[in-house]
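We count ligands from 1, going down the list as the structure has it; atoms in each ligand are counted the same way. Here the structure is a predicted model, which is why all the values come from computation and not from measurement.
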Amino acid sequence: MRFPRLVHFPRNLRSIHTNIQPLNLYSKSPLIRPHNPPLSSDIRSSIAKPDDFLFWPNFFNVEESKILLSMALWKLDRVDSTLKRRKKGKSSSISQNPVRVDELQSLFDREYGFEDGHYDSVIHNYRETLLSSLPTSSSSNLKSTLAKLYSLLPNLPPFDQQNIPPEGTITHLLHLSPKGEILPHVDNLEASGSVICGVSLGAERTLRLKMKDEEADGWDIKLTNGSVYLQRDSIRYNYEHSILPYSSAGSIWNDERLKEGHRISIMIRDTPSKPAEL
Ligand code: OGA
Ligand code: MN
């Protein structure tokens with residue numbers, strides 16, 4: 001019988017995927033570096049609780065990344081009024097490149113209308129849209145890939161794959177141009193709850209976490225394609241996060257600067273809890 005299997009699928013999925021052990025800020029990994037090792041590697045000296053930042057470096061493989069990226073570009077292009085529907089004509093030579101991550105860059109094949117500054121001037125050179133529903137023709141691959149993502153969110157009741165994005169979540173698609181950056185900020189307190197989950201697709205970028213009004217405490221995380229991070233509570237409220245420009249020293253890993261390119265993040269937040277009714 002199909003129907004009961006569909007109903008139970010997300011629950012099974014959740015238990016499978018929570019078994020993938022994420023890294024945290026205190027994990028030893030070439031993708032995570034504390035700004036000030038003697039201070040911040042000592043858990044007791046930091047108010048950052050280990051479980052308040054979780055990082056899955058290879059959560060999605062290249063095929064899954066392509067599925068998500070294509071959906072995001074389709075949604076973003078629909079609301080991009082300045083988009084010139086003209087291919088740059090470079091894509092065929094790029095797609096012959098054997099490096100698979102370059103294959104993802106070849107999906108960015110138009111001249112996009114990036115905005116210069118966010119309403120609050122935190123995000124520069126970007127396009128953004130809300131993911132309120134999936135295209136009706138969405139493939140079951142897209143639905144199951146997204147279900148795998150939403151299954152990471154803590155405290156979310158079981159949801160049906162046909163109902164994506166699940167109730168209680170707000171999902172944004174954010175396209176950062178190669179020239180783009182996100183300045184240090186804490187996400188608006190009224191607009192979202194205590195959990196922020198981000199998927200990185202396309203070019204690599206450095207995410208910087210820095211304790212508010214504190215020079216010493218912080219980390220850089222190298223956001224690779226297909227990685228997912230989740231920040232909540234102590235990190236979400238007491239640390240500012242930023243996405244560094246390629247020109248920053250923080251964009252150098254192992255003596256090499258990250259390769260400039262387009263990046264799309266899928267940002268999922270929980271809806272803020274409403275004040276109790278009187
Ligand atoms: C944001 C933000 C981070 C990212 O949109 O508020 O911080 O990983 N995004 O794109
Ligand atoms: Mn943010």
Side-chain angles (χ1 to χ4, degrees), residues 22-23 25 31-32 48 52-60 65 68-69 71-73 75-76 79 104 108 112 114-132 149 152-153 165 169-212 218-246 248 250-251 258 260-272:
L23 302 174
L25 291 172
L31 304 176
I32 300 175
D52 286 353
F53 186 90
L54 302 176
F55 184 50
W56 293 262
N58 295 302
F59 194 72
F60 292 116
S65 302
L68 294 175
L69 207 45
M71 178 278 290
L73 281 171
K75 279 278 180 191
L76 284 157
V79 293
L104 296 175
F108 296 92
Y112 303 106
F114 292 114
E115 300 193 27
D116 200 33
H118 213 229
Y119 60 96
D120 55 4
S121 292
V122 163
I123 310 188
H124 296 275
N125 275 290
Y126 73 101
R127 303 188 295 161
E128 189 175 37
T129 193
L130 189 68
L131 179 73
S132 49
L149 173 62
L152 285 181
L153 295 184
T169 63
I170 310 161
T171 303
H172 281 93
L173 307 172
L174 175 66
H175 180 171
L176 212 52
S177 102
K179 304 272 167 264
E181 70 175 303
I182 305 181
L183 302 176
H185 68 283
V186 169
D187 279 15
N188 187 299
L189 299 182
E190 283 90 50
S192 68
S194 63
V195 176
I196 304 167
C197 180
V199 183
S200 298
L201 302 165
E204 295 178 340
R205 286 284 197 154
T206 301
L207 170 73
R208 176 161 289 176
L209 298 173
K210 203 180 79 57
M211 200 168 152
K212 275 197 279 181
W219 290 265
D220 282 352
I221 297 101
K222 183 172 161 186
L223 299 177
T224 49
N225 173 67
S227 66
V228 178
Y229 66 84
L230 193 146
Q231 50 164 311
R232 62 183 164 196
D233 302 325
S234 63
I235 299 288
R236 186 255 186 271
Y237 294 112
N238 302 317
Y239 282 73
E240 291 185 325
H241 56 278
S242 54
I243 297 286
L244 303 180
Y246 286 108
S248 160
S251 292
L258 297 180
E260 278 190 28
H262 291 268
R263 169 184 184 262
I264 285 183
S265 52
I266 304 178
M267 301 302 304
I268 305 171
R269 300 176 176 91
D270 53 346
T271 43

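For Glu128, the heavy-atom gap to ligand 1 stays at 4.0 angstrom or more. Residue contacts with ligand 1 include Ser265, since one or more of its heavy atoms lies under 4.0 Å from the ligand.
Remark: Arg263 is not positioned above the aromatic ring of Phe108, lacking an NZ or CZ atom under 6.0 angstrom from the ring centre and at most 45 degrees off the axis.
For the pair Asp187 and Arg269, the salt-bridge criterion is met [side-chain N within less than 4.0 Å of a carboxylate O]. Residues Lys179 and Glu260 are paired through a salt bridge, judged by an N-O separation under 4.0 Å between the basic side chain and the carboxylate.
Of all the heavy atoms of Ile243, the ones lying under 4.0 Å from any atom of ligand 1 belong exclusively to the side chain. By the criterion of a heavy-atom distance under 4.0 Å, neither the backbone nor the side chain of Arg205 is placed next to ligand 1. Only the side chain of Ile182 comes within 4.0 Å of ligand 1, judged by heavy-atom distances.
Atoms of ligand 1 lying under 4.0 Å from any heavy atom of Tyr229, numbered from 1 in the order shown and given with element: 3 (C), 4 (C), 8 (O). Contact atoms of ligand 1 toward Asp187: 6 (O) (distance under 4.0 Å to a heavy atom of the residue). Atoms of ligand 1 found under 4.0 Å from any heavy atom of Leu174 (numbered from 1 in listed order, with element): 5 (O), 10 (O). For ligand 1, the atoms lying closer than 4.0 Å to a non-hydrogen atom of Arg263 are 4 (C), 8 (O), 10 (O).
Here atom 1 (C) of ligand 1 lies nearest to Arg269 when heavy atoms of Gln231, Arg269, His175, His172 are compared.
Using a 30° and 60° split on the angle between ring planes, Tyr229 and Phe53 fall in the parallel class, below 30°.
The aromatic ring centres of His175 and Tyr112 sit less than 6.0 Å apart.
Of all the N, O or S atoms in Asp187, the one closest to the Mn ion (ligand 2) is OD1. Between the Mn ion (ligand 2) and the N, O or S atoms of His241, the shortest distance is to NE2. Between the Mn ion (ligand 2) and the N, O or S atoms of His185, the shortest distance is to NE2.
Distance alone, capped at 3.5 Å, is enough to place a donor-acceptor pair between the Asn225 side chain and the Gly202 backbone. Side-chain N or O atoms of His185 include one that pairs as donor or acceptor with a backbone N or O of Leu183 at under 3.5 Å. Under the 3.5 Å distance criterion, the side-chain polar atoms of Asp52 are matched with a main-chain donor or acceptor of Ser234.
Taking OG from Ser265 and OH from Tyr126, the interatomic distance works out to 12.5 Å, rounded to the nearest 0.5 Å.
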